[in-house]
Amino acid sequence: MELSKNYEPQATEIKWNLHWRNEGYFTSTPDERPAYTVVIPPPNVTGVLHMGHTLNETVQDILVRKARMSGFNACWVPGSDHASIATESKVVQMLKEKGIDKNTLTREEFLKYAFEWKEKYGGIIYNQIDRLGCSVDWSRVTFTMDDHYYKAVMKVFVDFYNKGLIYRGARMINWDPAAKTALSDEEVEFKDLQGTLYYLSYKLVEENGNDLGETISIATQRPETIMGDTAICVNPNDERFAHLKGKYALVPLIDRKIPIIFDDYVDTTFGTGALKVTPAHDINDYNLGLKHTLEVVDTLNEDGTLSEAAQIYVGEDRFVARKKIIAELQKKGFLTKTEEYQTRLGYSQRSGAVVEPRISTQWFVKMKEMAEPALKAVIDGEIKIHPGEKFLATYKYWLENVKDWCISRQLWWGQQIPAWYDDKGNMVVAENEYDALQQMQNTFGTISVHGGKLVQDEDVLDTWFSSWLWPMEVFKGISEPGNNTEIDYYYPGAVLVTGQDIIFFWVARMIMAGMHYKDQKPFSNVYFTGMVRDKQGRKMSKSLGNSPDLLDLIDKYGADAVRFGIMISSPAGNDLLFDEASLEQGRNFNNKLWNALKLLKMWEGRQAPTTDERIAVQQPVRDLHADLDVIAATESSETRNFAIEWFESRLNSVRAEMETMYGQFKLSEGLKTLYSLIWDDFCSWYLEWIKPGFEQPIDADIYQKTVGFFEELMQMLHPYMPFISEEIYHLLKERTLDDDLAIKQFAPIQPTKKQILAEGDLLKKVISALRDARNKNQVKPKETIKLYIQTNDRDDYSDIELILAKQVNADSIIYTTSTPANTIVVAVEKDKFYIESEKEIDAVAVKDELEKDLKHQQQFLESVIKKLSNERFVANARTGVVDLEKKKQADALARIKVLEESLSNL
RNA sequence: GGGAGCAUAGCUCAGUUGGUUUAGAGCAUCUGCCUUACAAGCAGAGGGUCCGCGGUUCGAACCCGUGUGCUCCCACCA
């Protein structure tokens with residue numbers, strides 16, 4: 001078969017994706033094997049996957065494939081999240097572009113649009129996951145608004161309500177005036193910015209309204225809220241204001257009379273020492289208001305415009321009104337001073353609007369008691385966070401200081417709160433209307449409703465109120481808990497792979513829900529990936545245009561190259577600077593593999609019978625000139641092949657290394673290690689060592705062994721780069737049906753031979769040194785040389801001399817005890833090598849090299865001697881350390897001797 | 001304001017309980033090669049006061065203190 005010049009990913013990827021799916025390799029059902037469960041962090045159906053998802057999915061797929069190939073029943077559940085507010089604002093935006101105003105639609109009409117949106121983007125997301133090669137179980141795909149899921153959410157809400165863990169009440173919450181909904185604390189993002197502090201003077205009056213002829217100055221960032229002021233507060237210990245007890249102030253512009261109150265909350269050193277109190281629009285003022293039973297005047301509408309209560313500028317947007325009010329205050333002399341001020345503003349994570357503190361009636365979850373077991377699970381190490389301690393402190397702090405969770409949202413897209421009201425405002429909480437009616441009757445005796453229908457709460461639930469059930473409900477662990485073999489088998493999961501940005505939103509809450517309903521952690525490990533940034537370190541965002549399209553990348557480089565590129569530079573927990581150059585590296589790696597395959601396929605037809613011992617032995621030799629010395633060496637060696645033994649040991653040693661790295665979730669390092677094993681050890685060294693001479697046959701045994709190595713390398717690579725590994729595995733030889741890497745189980749790791757590895761290292765070192773000497777002396781690559789070796793341990797070279805000769809293009813190797821004339825000398829460890837070639841020798845250059853090396857060695861020796869002559873070192877150093885230094889000393893001395901001899905011989 | 005983390009080659013990062021030939025990798029750079037698998041390649045090379053200062057120790061990239069510079073999280077001072 002003719003193989004293409006370069007690897008062509010497109011057709012290959014489609015082929016194997018289809019094959020794997022047809023064989024049902026990724027479909028999991030409970031069996032006798034241990035389960036390895038991973039639930040995907042369900043992407044929001046707000047849009048397509050970005051590079052952050054790509055990193056997450058790749059990490060998960062590597063872990064899942066590795067587990068599947070290591071005896072586990074791997075189950076990776078895919079799905080998506082309805083992402084209540086995020087999706088709703090996208091849909092609203094989309095409708096707006098079509099000229100449709102959400103307010104003109106009924107709830108049902110809007111939901112129809114939303115579901116269409118979900119179908120479209122959900123589809124794109126699933127396609128992306130598929131193209132990336134993710135080995136998910138498509139028979140288990142779950143959406144957070146599926147019927148059973150919806151039911152589970154209702155059930156949990158009712159259950160929590162009945163347990164007293166959910167309550168409804170009027171509180172000050174974060175209000176998003178753009179989306180016109182409440183937000184949880186976690187959905188508010190703070191940004192530092194330069195603000196202005198306005199100093200306003202309020203006229204002081206007696207209770208009866210008589211002017212005191214005095215003013216009090218306060219500082220505020222929000223002059224548009226003065227109409228909501230219901231007091232001025234000063235510190236009771238502040239002598240400046242002691243005389244104002246029982247006095248009042250007049251709110252500028254509207255002349256409303258408000259009391260002066262005293263509370264040590266006020267910092268006497270900040271601003272003017274006097275604070276205007278606006279309970280409706282500031283959380284601190286709200287608390288002050290509660291304490292001093294102040295009136296609450298809400299001067300804003302839900303969309304952020306000024307309300308009737310403001311009396312002036314009614315209907316104007318808050319920011320427009322601010323400007324106008326400032327102008328008016330200035331004009332009328334109330335504004336005495338302005339000051340630049342560093343401040344922080346809360347923004348809605350989804351709509352971007354400046355969040356308003358607002359008093360409103362919402363639903364809350366009590367968090368305190370649920371936090372305890374969730375904290376314990378992590379502190380006790382039942383759940384391990386990777387990488388390490390970094391996030392433990394954050395997690396702990398949040399749980400220890402957790403506040404109640406506002407879960408109601410004034411939206412349509414999501415699970416509607418199962419609270420039901422009758423005409424009199426009586427309320428019951430029940431999973432459906434039928435139950436609600438029953439309950440209403442039982443609780444209140446009569447039902448007062450028009451047309452026999454109760455009214456359901458208009459609000460929907462925070463999207464995380466459904467997401468936190470994910471590890472359980474994907475197996476119907478909430479909706480059908482009884483007799484459920486799936487949840488018993490798959491729960492808890494092995495690992496959760498997610499971004500550190502949702503540690504509170506999701507991770508902590510999943511642990512809470514899991515501990516609450518299963519009395520067990522939802523997963524054993526949490527692996528936090530870093531944030532994907534562009535190569536300048538900026539966040540990826542649509543507005544910057546630095547977020548590439550995943551499918552475009554896959555089209556351009558192939559899925560394996562994308563996976564490679566994103567993994568090669570993403571140490572756990574660190575941010576990843578995404579650069580297409582690393583995808584190119586991945587593509588180049590593909591081609592490297594492809595070319596190695598081509599080389600093997602070339603040899604396939606040129607195998608000589610295994611019985612031909614001469615070929616077996618001489619395989620490493622290119623076209624060895626019949627030099628007596630070499631022949632003698634050849635005949636004395638056994639019929640074993642050094643290259644094969646060496647690579648076998650390398651392979652097994654790397655497998656063991658990678659096993660450790662998997663255990664520590666060091667996936668990026670694992671890939672680097674494997675990359676180097678394949679590119680350097682296998683391609684650059686091993687294949688060159690066994691490569692037969694020009695148009696020479698290859699020993700059949702060596703060939704078969706090599707195919708075996710390649711297979712094993714592909715198996716190791718499979719979790720990282722599933723497509724090309726599977727393709728090469730199949731092109732290497734004919735396979736029986738079902739003999740696919742996707743499910744091939746790893747063989748046990750064999751012990752490595754340290755001696756062989758050491759010999760290999762020496763061989764590589766000598767080859768590099770000799771090549772370097774050739775280079776520096778401008779001996780042309782094609783030119784053959786005569787190589788002399790001067791050593792006291794000729795045995796060191798018996799295994800490797802043939803390979804050495806070939807790799808440095810020597811047509812003969814001669815062991816010598818004296819310095820041959822007119823040769824380039826190279827010293828490696830304690831032996832000397834001499835290159836004899838046609839080329840005139842540049843004695844000066846050789847001398848320089850030797851002298852440089854000598855100087856280095858002498859300095860090194862000096863440092864060792866210094867150490868050894870330090871009595872305290874010899875007395876205190878751990879056993880072995882002194883011996884090691886002595887060995888260093890001996891080695892350095894031997895090497896200096898070699899170098900000095902070489903120099904004197906020049 | 002509180003807390004956490006980071007600082008090692010031009011860039012991105014390794015560096016296991018302090019001692020392993022006076023610091024390693026990939027990318028980038030430079031030199032030489034179109035060598036019958038691969039120029040998306042091959043063979044080599046150069047490149048570091050391990051952020052500054054002080055301390056502990058026989059010995060510090062690693063431990064402690066301090067300064068500087070970044071990053072992140074949390075927080076109700078107008």
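All values derive from a computational prediction rather than experimental measurement. Lettering follows sequence order; numbering is per chain, from 1.
- In this structure, A/Asp501 has no salt bridge (charged side-chain N to carboxylate O under 4.0 Å, His left out) partners at least two apart in sequence or on a different chain.
- Nucleotides B/G10 and B/C50, compared at atom P, are 12 Å apart to the nearest Å.
- Heavy-atom neighbours of A/Glu871 CD from other residues, nucleotides or ligands within 6.0 Å: at or below the threshold of 12.
- Side-chain atoms of A/Lys598 stay outside donor-acceptor range of the base of B/C38, with no qualifying N/O pair under 3.5 Å.
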Protein N or O to nucleotides 6-11 of chain B N or O, pairs below 3.5 Å:
none

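- In this structure, A/Glu356 does not pair ionically with A/Arg358, as no charged nitrogen and carboxylate oxygen lie closer than 4.0 Å.
- One P atom belongs to B/C34, the other to B/A39, and the distance between them is 13 Å to the nearest Å.
- Phosphate contact (OP1/OP2 of B/C42, side-chain N/O of A/Trp679, threshold under 4.0 Å): present.
- Nucleic acid contact for A/Asn591: base, since at least one base atom lies under 4.0 Å from a heavy atom of the residue.
- In summary, A/Lys691 and A/Glu688 engage in a salt bridge, as defined by a charged side-chain N under 4.0 Å from a carboxylate O.
- When only modelled atom types and interatomic distance are considered, A/Asn174 and A/Asp185 share a side-chain donor-acceptor pair under 3.5 Å.
- The pair A/Asp772-A/Lys776 meets the salt-bridge criterion, with a side-chain N (NZ, NE, NH1 or NH2) lying under 4.0 Å from an Asp/Glu carboxylate O.
- Comparing A/Gln585 and A/Leu597 against RNA chain B, the residue whose closest nucleotide sits nearer the 5' end is A/Gln585.
- To the nearest 0.5 angstrom, A/His292 atom NE2 is 11.5 Å from A/Tyr265 atom OH.
- For the pair A/Ser768 and B/G44, the criterion of a side-chain N or O lying under 4.0 Å from OP1 or OP2 is met.
- With the nearest nucleotide of RNA chain B identified for both A/Thr268 and A/Arg878, A/Arg878 has the one nearer the 5' end.
- Remark: A/Lys691 is in phosphate contact with B/A37, judged by side-chain N or O atoms under 4.0 Å from OP1 or OP2.
- Across all strands, A/Thr220 comes closer than 4.0 Å only to sugar-phosphate atoms, never to a base (heavy-atom distances).
- The base of B/U20 lies outside donor-acceptor range of the side chain of A/Lys888, with no N or O pair under 3.5 Å.
- Using a 4.0 Å heavy-atom cutoff across all strands shown, A/Phe589 reaches no nucleic acid atom at all.
- The shortest distance between the side-chain N/O atoms of A/Ser684 and the OP1/OP2 oxygens of B/A43 is below 4.0 Å.
- Ring pair A/Phe504/A/Trp398: centre-to-centre distance below 6.0 Å.
- A donor-acceptor contact under 3.5 angstrom links the side-chain atoms of A/Arg587 to the base of B/A40.
- The CG-P distance, from A/Asn235 to B/A78, rounds to 17 Å in whole Å.
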Any chance you could encode RNA chain B as dot-bracket? Rule is Watson-Crick or G-U wobble with both distances under 3.5 Å; [ ] for pairs crossing earlier ones, | for another strand. (((((((..((((.....[....)))).(((((.......))))).....(((((..]....))))))))))))....
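- With hydrogens and angles ignored, a donor-acceptor pair under 3.5 angstrom links the side chain of A/Glu688 to the base of B/A37.
- At B/A75, none of the side-chain N or O atoms of A/Asn401 fall inside 4.0 Å of OP1 or OP2 (strictly under the cut-off).
- Here A/Tyr395 does not reach the OP1 or OP2 of B/C74: none of its side-chain N or O atoms lies under 4.0 Å away.
- Among the heavy atoms of the strands lying under 4.0 Å from A/Asn876 is at least one base atom, whether or not backbone atoms are also near.
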Given the rule in the ring-ring contact (aromatic ring centres under 6.0 Å, His included) test, do A/Phe709 and A/Tyr686 qualify, once you have shown the distances and angles that lead to the verdict? CA-CA 10 Å; A/Phe709 290 152; A/Tyr686 173 78; 5.4 Å; yes
